[in-house]
Protein chains: 2
Amino acid sequence: MNTHLNILQRWLVEQRIDVAFINEPSTIAYLSGYESDPHERILALAVFATGEPFLFTPELEKEDALKSDWSHDVYGYLDNEDPWALIAIHLASRKSDLSSIAIEKDFLTVGRFEKLQSFFPVIPFSDVTPKIQAMKLIKTPDEINKMMEAGKWADRAFEIGFKAIKEGVSEEEIVAEIEYALKKEGIKEMSFETMVLTGVNAASPHGTPGKRRIQLNEFVLFDLGVVYNGYTSDATRTIAFGEPSKQAKEIYDVVLEAYNAALTAVKPGITAGELDKIARDIITKAGYGQYFTHRLGHGLGSSVHEFPSIMQDSDFVIQEGMCFSIEPGIYLPGIAGVRIEDCVVVTKDGCKVFTHTPITYTSI
Amino acid sequence: MNTHLNILQRWLVEQRIDVAFINEPSTIAYLSGYESDPHERILALAVFATGEPFLFTPELEKEDALKSDWSHDVYGYLDNEDPWALIAIHLASRKSDLSSIAIEKDFLTVGRFEKLQSFFPVIPFSDVTPKIQAMKLIKTPDEINKMMEAGKWADRAFEIGFKAIKEGVSEEEIVAEIEYALKKEGIKEMSFETMVLTGVNAASPHGTPGKRRIQLNEFVLFDLGVVYNGYTSDATRTIAFGEPSKQAKEIYDVVLEAYNAALTAVKPGITAGELDKIARDIITKAGYGQYFTHRLGHGLGSSVHEFPSIMQDSDFVIQEGMCFSIEPGIYLPGIAGVRIEDCVVVTKDGCKVFTHTPITYTSI
């Protein structure tokens, strides 16, 4: 049995919980090695304190699951069968007197939970989410290697994107160029919809690339990431095309200073709130505090947003092996938006970044 | 107030429910016109039996929401604020004596529900999902027009994909060609990860395109769709490259016959189960019943998989204005896989398909 599964199993024994019922696809991949997006169908993994775990998949995925790295049972269900009745039977077949079930409260919907519960009406349901979060929090050397590779692919994406910048090219055309090149080079999936925002559009931190065409003397913001062997990258660069306004350059300098200060401060023992404050204080002191409308960063790994949140007032203590983003930004509506972002892994006495595309002010 | 919002509001009055708390992004877009993927942050829409509805968004999306078609209040929250405490305050500000809340049980997670419930511990929570499903089920002429356009874009995708077929090209290269061309032409989003599977790989109905290269005399299966103005398409074509084996051709003929029989049978009054049976009986009679491992089809609209399920034994009655897929398939492990799929809108006495790329056996 693989290591992640072992750790969860030991926890179940310690907690005297009979079974963990997992149905978040990236957690299933993390624990079982089987990667799948079942859309609206049910994909589940049951891990028992004692007894063999099983995967439960739509019948049309069963062959793929059997061919994957997963070496335990796989049970399928047809579209016209009641998956919850079958899951209840399989759970009971491992342990007829089930007396406690842990579910992923952060993922299982109320509707699905009520169906599961209807078969086990008197059993207490606890939450396995905090344990899964804790497990995912400290990355193994193997996971860090995969994230390093995912980071290199983000650098490759920047390289392609920067080359595509010229006057009159639209945001969505640059997105198309980046994703095309990466897919041709074997990348199956981006971490999220690639974001290329130009000029005033970049003043929306969650904007959508559209038909706006690049004009001379404005910023182009790239926020992108790649999934590599199940692990994600996430990075942002803001590049000057020509000579943006003095104020635009000023906010670049402030964001860069905030980024560098936070990056330099990362080490085991500092809190998430302290890191956020280091960056936020610099931006606030420069007069732009109200335009930094989000937290400093977020954890990432097998999914692009995970625990912990690097945010104001958090007393969460950073430890070696944690991976998260540092991404200060200033968004001046109608003027410009600048964000600089890298993800890091915390080392014994500092951190290493996963992406290496220069962050100094660059004009092309 | 727009029509969808009006219908939901009238239902709340009839059901004597004070407020519907919506947090599925495509349902929020359907009701409010504001499209967003908030990732792990909270995006919510509160619709009241009496009183103004409001959108609740991450602070970093508030500007976008205010600029969207939504003309009512937008409340934001910062990353370090407790969104549930704020939501509770905004709900109570509309109606201080809230006595019933409807939630989307098929979408709201147990964890989020417990947080919401903690602020309203004695209030009954009902399920708004069936009402939303029923509203989405019968499409308006405007929605059908958008789905027709989305269908045309799927035809365009097939055109690009078919042109890219040549010996030695990999599945992922063809995916890259299709998505590149569409993104350059202004498409922002596919309905799902574009699927191009060659030869024996197509025998996995939910396979992932990879490095396998097209060889002469095998099938290439394309399953793809496009999001156009918030509405989706979904279609599958299986194209012969050269001359596949006699058995491969035979399963094509069987799938085509099953598809045509089901398509011809679609009209108001028939049940979902009857449609599935018409196609399944043909495949079973030909000896391939065990290799048709999924339902005949699924509803679609603002999301690519929605109610109803066109499956065995379902007595769900088809009505004019419903939109769903018809997608029989045969998957012979180690040999070949064939699927033919179009989505249709049910008319007064039959149906119209959204995609028009020929379905007759085509060899290139």
Side-chain angles (χ1 to χ4, degrees), chain A residues 35-40 58-64 76 78-80 103 105-114 127 129 172-173 175-177 179-184 186 188-189 192-193 203-211 276 293-295 298 304-306 309 311-314 331 333, chain B residues 35-40 58-64 76 78-80 103 105-114 127 129 172-173 175-177 179-184 186 188-189 192-193 203-211 276 293-295 298 304-306 309 311-314 331 333:
Chain A
E35 281 183 47
S36 161
D37 174 2
H39 299 285
E40 81 284 16
E59 187 66 29
L60 76 174
E61 288 192 16
K62 198 176 151 183
E63 278 293 316
D64 292 343
L78 293 164
D79 286 333
N80 60 322
I103 58 170
K105 288 194 177 180
D106 277 14
F107 188 75
L108 192 66
T109 65
V110 174
R112 289 183 171 186
F113 174 62
E114 288 182 350
D127 193 2
T129 311
E172 61 195 15
E173 282 166 349
V175 170
E177 295 293 343
E179 296 190 350
Y180 176 66
L182 293 190
K183 291 209 171 181
K184 290 262 276 190
K188 288 194 199 329
E189 200 184 342
F192 49 89
E193 300 275 320
S204 166
H206 261 195
T208 308
K211 298 200 182 305
D276 184 289
T293 45
H294 55 76
R295 60 189 172 182
H298 55 82
V304 73
H305 289 112
E306 56 185 50
S309 187
M311 64 179 180
Q312 280 174 274
D313 307 327
S314 166
Y331 313 95
Chain B
E35 281 181 48
S36 161
D37 174 4
H39 298 286
E40 81 285 16
E59 188 68 30
L60 77 174
E61 289 193 14
K62 197 176 152 182
E63 278 293 315
D64 292 342
L78 292 166
D79 286 333
N80 60 323
I103 58 170
K105 289 194 176 180
D106 277 16
F107 189 75
L108 192 66
T109 64
V110 175
R112 290 183 171 185
F113 173 63
E114 288 182 351
D127 192 2
T129 311
E172 61 196 17
E173 282 166 350
V175 171
E177 294 293 342
E179 296 189 350
Y180 176 66
L182 293 189
K183 291 210 170 178
K184 290 263 276 191
K188 286 196 200 327
E189 199 186 341
F192 49 89
E193 300 276 320
S204 165
H206 262 195
T208 309
K211 299 200 182 304
D276 183 289
T293 45
H294 56 75
R295 60 188 174 184
H298 55 82
V304 75
H305 288 114
E306 56 186 48
S309 188
M311 65 179 179
Q312 280 173 276
D313 308 327
S314 165
Y331 314 95

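Sequence lines set the chain letters: A, B, ... in the order given, protein chains first and strands last, and positions in each chain run from 1. What you are looking at is a predicted structure, and each value in this text was computed from that prediction instead of being measured.
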Which one of A/Glu59, A/His298, A/Gln312 has the most heavy-atom pairs closer than 4.5 Å to chain B? A/Gln312
Best-contacting candidate, A/Glu63, A/Glu114, A/Glu35, against chain B by heavy atom pairs under 4.5 angstrom: A/Glu114
Value rounded to 0.5 Å, distance of CG in B/Asp37 from OG1 in A/Thr208: 9.5 Å
Side chain to side chain contact (heavy atoms under 4.5 Å, CB included) with A/Glu172: which residues, sequence neighbours excluded? A/Ser170, A/Lys211, B/Lys188
Give the member of A/Val110, A/Leu108, A/Val175, A/Asp127 that has the highest number of heavy-atom pairs under 4.5 Å with chain B. A/Val110
Sort out for me which of A/Pro333, A/Ala181, A/Ser204 touches chain B most, counting heavy-atom pairs under 4.5 Å. A/Ser204
Mind checking the CD-OG spacing from A/Glu40 to B/Ser309? Nearest 0.5 Å is all I need. 7.5 Å
Measure the acute angle between the ring planes of B/His305 and A/His39, then classify it against the limits of 30° and 60° as parallel, tilted or perpendicular. tilted
Contact between A/Asp106 and B/Thr109 at the side-chain level, heavy atoms closer than 4.5 Å - yes or no? no
Could you check A/Glu189 against B/Glu193 for side chain to side chain contact (heavy atoms under 4.5 Å, CB included), going step by step and ending with a plain yes or no? CA-CA 8 Å; A/Glu189 200 184 342; B/Glu193 300 276 320; 3.9 Å; yes
Measure the CG-CG distance between B/Asp313 and A/Asp79 for me, rounded to the nearest 0.5 Å. 12.0 Å
Can you tell me how far apart CG (B/Asn80) and NE2 (A/His294) are? Round to the nearest 0.5 Å. 12.5 Å
Beyond-backbone contact of A/Glu179 with B/Lys183, side-chain heavy atoms, under 4.5 angstrom: yes
Highest number of heavy-atom pairs under 4.5 Å with chain A among B/Val304, B/Thr293, B/Asp276, B/Leu182 belongs to B/Thr293
Set of side chain to side chain contact (heavy atoms under 4.5 Å, CB included) partners for B/Glu177, sequence neighbours left out: A/Tyr180, A/Lys184, B/Ala164
Less than 4.5 Å to any heavy atom of chain B: does that hold for the side chain of A/Leu78, its backbone, both, or neither? side chain
When you look at CD of B/Glu173, are more than 12 heavy atoms from neighbouring residues, nucleotides or ligands closer to it than 6.0 Å? yes
What part of A/Tyr331 is in contact with chain B, defined as an atom under 4.5 angstrom from a non-hydrogen atom: side chain, backbone, both or neither? neither
I need the residue from B/Lys62, B/Arg295, B/Glu306, B/Arg112 with the largest number of non-hydrogen atom pairs under 4.5 Å to chain A. B/Arg295
Against chain B, label A/Glu61 side chain, backbone, both or neither, depending on which of its atoms sit under 4.5 Å from a heavy atom there. side chain
Go through the atoms of A/Pro209 and report whether side chain, backbone, both or neither lie under 4.5 Å from a heavy atom of chain B. backbone
